[in-house]
Every structure is written in structure tokens, then in C-alpha cells.
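Computed from a predicted model, the values in this text were never measured in an experiment. Both ligands and their constituent atoms are indexed starting at 1 by order of listing. Basis for what follows: all heavy atoms, side chains included, without hydrogens, waters or symmetry-related copies.
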Amino acid sequence: MEKTIIVTGGSKGIGEGIVNLLAKENYNIVLNYNKSEEAAKRIQKEFTELGKNVEIFQADVSKREEVKKLVEFTIQKFEKIDVLVNNAGITQNKLFTEVTEEDWRYIIDNNLTSVFYMSQEVVPYMIQRQSGCIINISSIWGIVGSSCESIYSVSKAGVDGLTKALAKELGPSHIRVNSIAPGFIDTQMNQNISEEVVNEIKRETPLEKIGKPEDIAKCVKWLIEDEFTTGQVISINGGWVII
Ligand code: NAP
């Protein structure tokens with residue numbers, strides 16, 4: 001039976017790149033989206049025409065009730081969940097002194113609480129089958145910190161912390177949990193970054209280029225197929241940050 005995979009935030013950017021690669025591999029995919037319904041429908045149509053199984057489901061993953069519905073939908077459609085990719089996320093650029101309590105809650109809810117909700121709703125199904133793989137898309141900023149993205153950095157460091165703790169707790173149930181911490185990837189999230197800054201990042205990067213969603217998708221595919229990697233934070237950044 002084919003593997004069933006939930007990709008949160010699969011309507012754009014890195015999530016769309018992950019869906020594109022995995023759908024071609026004949027996995028059953030549930031593409032979660034929040035606001036980008038048109039994009040989600042377009043992706044589903046493209047793959048349905050190719051005979052692939054891509055279902056779409058609208059849910060704001062920062063809300064427990066919506067997460068429950070997303071997971072119930074997946075179980076009704078495919079009976080099991082083999083892989084959870086927690087990709088949905090948002091960013092914010094602000095001086096720390098200007099960050100409000102609302103900003104704090106909004107970023108933490110969308111980037112970290114969402115991963116808690118999704119994992120808590122999915123893990124019982126994985127434990128039942130004594131098998132599973134969770135891949136969290138965190139960020140290089142969770143490791144080294146980013147100026148003017150303090151809450152974002154906190155949220156992603158939290159995701160990596162949860163990854164490591166769950167890897168230990170769920171390993172005996174044969175569930176692997178890993179993070180991918182991308183560097184600069186060319187998506188809408190970075191649309192406000194000037195060409196000058198992008199070129200500077202390219203100059204600072206040993207591989208002399210910025211990343212594409214496919215670069216992250218390839219690592220997701222590898223982590224799904226692997227059997228001995230857990231509790232790791234894998235940074236894919238062209239060598240921009242080497243720790
Ligand atoms: P993006 O192009 O802005 O796409 C973000 C995706 O997340 C969209 O599909 C969006 O769905 C979804 N999303 C956001 N909040 C959601 C919510 N509450 N519920 C459901 N879906 C939600 O961003 P991206 O660059 O692909 O980023 C994807 C992930 O990679 C994020 O976690 C981000 O932090 C991480 N990351 C990105 C970079 C980078 O350089 N791009 C670097 C490091 C880490 P809708 O449009 O349908 O609302």
C-alpha cells in the first residue's frame with residue numbers, strides 16, 4: 001500500500017515543492033492549505049490529470065479544531081498516516097523593541113503551536129501502527145538567530161527542541177522525527193528582500209546560489225526513505241551557515 005503523507009502549507013513555496021516531488025513518487029498526499037485555495041486546486045487538478053492521488057484540505061493549523069478535521073479527513077480517505085511534514089509557517093520583520101504581544105502569539109501559534117497540534121493529533125495513529133516519520137521544516141534562524149526576526153527565531157528553535165524530544169520519546173514506537181532547517185530559499189516568503197541583498201547572500205554562500213523548494217523536497221524524500229536517522233536538524237543552505 002502506498003505511503004500517505006500530510007504536507008501542511010502545501011499550496012506555495014517549499015510545501016508546493018515537496019508536494020510536486022512526492023506526488024510524482026506515487027505517494028498519497030493530503031495537501032493542506034489555509035488561504036491559497038486557488039493554488040491548492042490548481043496543484044490538485046494538475047496531479048489528478050496525471051493519475052496521482054493528491055487531496056486538498058483547508059485548515060488553519062494554528063487552530064486545534066481545524067487540525068483535528070484535517071487529520072480525520074486524512075484517515076477517512078487513506079486509513080493511515082505514514083508521514084507528517086510540518087511545513088506551514090509565517091515570518092515577520094520587526095525590531096524587537098516594536099514586537100507586540102499579539103505578534104508574539106501570532107508567530108508562535110502559526111510556527112510552533114501548529115507543530116504541537118499536528119503532531120499530537122497524528123502521533124496516536126502512528127503509535128497504533130508502530131511506524132511513522134515526522135519532518136519539521138524549521139529554519140537556520142532557529143539555530144543561529146536572526147536580527148529583526150526574534151520571535152521567528154524563537155519559534156523555529158522551539159520546533160527543533162520538540163523534534164529532538166519527540167525523537168527520543170517516539171523512537172521505541174519506530175517513529176522517526178527530524179527537522180530540516182533551510183537557509184535562504186527562493187519563495188514568496190522572501191519576496192520583500194531586495195535583489196541587492198539576494199546577490200550578497202549568493203556571494204556569501206560557498207555554492208554561490210540560493211536554494212529552491214526542490215532542494216528541500218529532495219531531503220524530505222530522503223528522510224522518508226531512510227530508516228536510521230532521527231532527532232537531527234539538517235540544515236540545507238548551500239554552505240551559507242556552517243556550524
Ligand atoms: P511561503 O511561500 O510564504 O508559503 C507558506 C505556506 O504556509 C503557504 O502554503 C501557506 O498557506 C502556509 N501557511 C501559513 N500559515 C498557515 C496556517 N496557519 N495554516 C495552514 N497553512 C499555513 O513560505 P515558504 O518559504 O515556502 O516557507 C515554508 C516553510 O519553510 C515555513 O515554515 C518557513 O518558516 C520555512 N523556511 C523558509 C525559508 C525560506 O527562505 N523561504 C527559510 C527557512 C525556513 P496559504 O497560502 O494557503 O495560507
Engineer: With heavy atoms of Asn32 as the reference, note each atom of ligand 1 found under 4.0 Å away.
Structural biologist: 20 (C), 21 (N)
Engineer: Under 4.0 Å between a Lys/Arg side-chain N and an Asp/Glu carboxylate O for Glu49 and Lys45?
Structural biologist: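 Salt bridge present between Glu49 and Lys45.
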Engineer: Do the charged groups of Glu37 and Lys41 touch, with an N to O distance under 4.0 Å?
Structural biologist: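 Looking at Lys41 together with Glu37, the answer is yes, because their closest N to O distance falls below 4.0 Å.
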Engineer: With atoms numbered from 1 as shown, which atoms in ligand 1 lie under 4.0 angstrom from a non-hydrogen atom of Asn190?
Structural biologist: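 The list of qualifying atoms is 39 (C), 40 (O), 41 (N).
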Engineer: Answer yes or no: does an N/O atom from Gly9 fall short of 3.5 Å to an N/O atom of ligand 1?
Structural biologist: yes
Engineer: Which is it for Trp141 and ligand 1 at heavy atoms under 4.0 Å: side chain, backbone, both or neither?
Structural biologist: neither
Engineer: Relative to the heavy atoms of Gly89, which atoms of ligand 1 are at a distance of less than 4.0 Å?
Structural biologist: 5 (C), 7 (O), 14 (C), 31 (C), 32 (O)
Engineer: Using heavy atoms and a threshold below 4.0 Å, how should the contact between Ala39 and ligand 1 be classified: side chain, backbone, both, or neither?
Structural biologist: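 For Ala39, no heavy atom sits under 4.0 Å from ligand 1.
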Engineer: Just which atoms of ligand 1 are under 4.0 Å from any heavy atom in Ser138?
Structural biologist: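 Under 4.0 Å from Ser138, ligand 1 has these atoms: 35 (C), 36 (N), 43 (C), 44 (C).
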Engineer: With the threshold set at 4.0 Å, does a side-chain nitrogen-carboxylate oxygen contact exist between Arg42 and Glu16?
Structural biologist: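 Answer for the salt bridge query: yes.
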Engineer: Heavy-atom distances under 4.0 Å are what count here, so tell me which part of Asn110 touches ligand 1: side chain, backbone, both or neither.
Structural biologist: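 For Asn110, the contact with ligand 1 is made by the side chain alone.
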Engineer: Which of the atoms in ligand 1, numbered in the order shown and given with their element, are less than 4.0 Å from a heavy-atom of Ile14?
Structural biologist: 26 (O), 30 (O), 37 (C)
Engineer: Give a yes or no on whether a salt bridge exists between Glu227 and Arg176, defined as a side-chain N under 4.0 angstrom from a carboxylate O.
Structural biologist: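 The answer is no: the pair does not qualify as a salt bridge.
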Engineer: Output the list of atoms in ligand 1 that are nearer than 4.0 Å to some heavy atom of Lys35, sorted by atom number.
Structural biologist: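 So the atoms of ligand 1 that pass are 45 (P), 47 (O), 48 (O).
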Engineer: Give the numbers and elements of all ligand 1 atoms closer than 4.0 Å to a heavy atom of Phe184.
Structural biologist: 40 (O)
Engineer: Answer with side chain, backbone, both or neither: which part of Ala59 has a heavy atom less than 4.0 angstrom from an atom of ligand 1?
Structural biologist: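 Under 4.0 Å from ligand 1, Ala59 contributes backbone atoms alone.
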Engineer: Does Asn87 approach ligand 1 within less than 4.0 angstrom via side chain, backbone, both or neither, non-hydrogen atoms only?
Structural biologist: both
